[in-house]
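Inspection log for the structure reproduced underneath, given as structure tokens.
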Amino acid sequence: MNSKHRKKSLFFDRLAEERAGHGYDADEIHRVIELIERSGIQPGWRILEPGCGPGLITPLIAERAGFDGRVLALDISPVMVQHCKKRMEELPQVQVEHGAIEEMEGHRGEFDLVFCFNSFPHFCDRDLALQVAVECLRPGGKLVIAHSNSRQRVNEIHMRAGGPVERDLLPEPQALQRPVESHGFKVLELHDGHDSFFLSAEKR
Ligand SMILES: C[S@@+](CC[C@H](N)C(=O)[O-])C[C@H]1O[C@@H](n2cnc3c(N)ncnc32)[C@H](O)[C@@H]1O
């Protein structure tokens, strides 16, 4: 991993215990489930989950993909990866790996869905992340960028947290749609809501 990733991973290492212990509150979990449902995961799907964190939503997507499906959960923070691995012990369809999406290699056309949940703004090189996403999807495969809070709230949280995440801002819808489309996706849905954000796109 490069030095930017290492700096960011230290930040998330420190956050890991707290995230792993708390999970989502009752209000947010409804939105999380609604966003997962909206993603349309089908049994047997192969899913890449970059920025899986401690694996709070990984079981929910793995459950929908079923035992014939597969989830590759990836994170730059070794401590997040440790927590995620522990949680996934009973789910053989989930593989958890340490690494950055920007540095993934050798997965051409392998996935049906790249599911970025509460993670996209944190990627150091978003253009490269989109390039990797399009390459590792099959034709017609889906990209989802989802947040269980409004764009404004997400950006407030990151700015307030400061340090290496203070500029990890979720762009305005059109400013996100443009690079997504220029990397070879067709945007299917883009919802910039008062308590959530959801973009889904299909590989052309
Ligand atoms: C806010 S947390 C979200 C975790 C999880 N998706 C959730 O909703 O609970 C963002 C995660 O993205 C990870 N991350 C940041 N940049 C990444 C990158 N370039 N590749 C993979 N993971 C990354 C961080 O280490 C962190 O665990």
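Indexing begins at 1, ligand by ligand and atom by atom, following the structure's order.
- When only non-hydrogen protein atoms are considered, atom 14 (N) of ligand 1 lies nearest to I76 CG1, 3.7 Å.
- Shown in contact with D75 at under 4.0 Å from a heavy atom are these atoms of ligand 1, numbered in order with element: 11 (C), 12 (O), 13 (C), 22 (N), 24 (C), 25 (O), 26 (C), 27 (O).
- Of the possible polar contacts, none joining the R138 side chain to the D112 backbone as a donor-acceptor pair under 3.5 Å is found.
- Geometrically, ligand 1 and C124 share no nitrogen or oxygen pair separated by less than 3.5 Å.
- Remark: R38 qualifies as a cation-pi partner of F198 under the 6.0 Å distance and 45° angle criteria applied to the six-membered ring.
- The backbone N or O of I76 sits less than 3.5 Å from a side-chain atom of H98, completing a donor-acceptor pair.
- Side-chain contact, N118 with S148: a donor N or O sits under 3.5 Å from an acceptor N or O.
- For ligand 1, the atoms sitting less than 4.0 Å from at least one non-hydrogen atom of S77 are 25 (O), numbered in the order shown with element in parentheses.
- Using cut-offs of 30° and 60° on the angle between ring planes, the pair F115 and F117 is parallel.
- At least one heavy atom of Y24 sits less than 4.0 Å from an atom of ligand 1.
- In the vicinity of F117, heavy-atom distances shorter than 4.0 Å reach the ligand 1 atoms 5 (C), 6 (N), 8 (O).
- No side-chain N or O of N155 forms a donor-acceptor pair with one of H158 less than 3.5 Å apart.
- Among protein heavy atoms, atom 17 (C) of ligand 1 sits closest to F123 CD2, 3.6 Å.
- Remark: ligand 1 atoms within the under-4.0 Å shell around heavy atoms of R19 are 9 (O).
- Closest heavy-atom approach to atom 5 (C) of ligand 1 among the candidates G51, A16, G99: G51.
- At least one donor-acceptor pair closer than 3.5 Å links the side chain of K203 to the backbone N or O of V134.
- Between H122 and F12, the distance from one ring center to the other falls under 6.0 angstrom.
- Under a 3.5 Å cut-off, the side chain of D75 and the backbone N or O of P54 do not form any donor-acceptor pair.
- Between the side chains of S77 and D13, at least one donor N or O lies within less than 3.5 Å of an accepting N or O.
- Using 4.0 Å as the threshold, L56 has a heavy atom nearer than that to some atom of ligand 1.
- Ranking the protein heavy atoms by distance from atom 3 (C) of ligand 1 puts N118 O, 3.4 Å first.
- In this structure, M80 has a heavy atom closer than 4.0 Å to ligand 1.
- Within the listing of ligand 1, atoms 18 (C), 19 (N) sit less than 4.0 angstrom from a heavy atom of E102.
- Residue-ligand proximity: A129 is placed with every non-hydrogen atom at 4.0 Å or more from ligand 1.
- The distance from ligand 1 to the heavy atoms of G53 drops below 4.0 Å at these ligand atoms: 4 (C), 27 (O).
- The closest approach between C52 and ligand 1 falls below 4.0 Å for a heavy atom of the residue.
- Put simply, the side chain of E97 never gets that close to the backbone of L72: no donor and acceptor are under 3.5 Å apart.
- Considering both main-chain and side-chain atoms, A100 never comes within under 3.5 Å of ligand 1 through any nitrogen or oxygen pair.
- With hydrogens left out, the protein atom closest to atom 20 (N) of ligand 1 is I101 N, 3.1 Å, a heavy atom.
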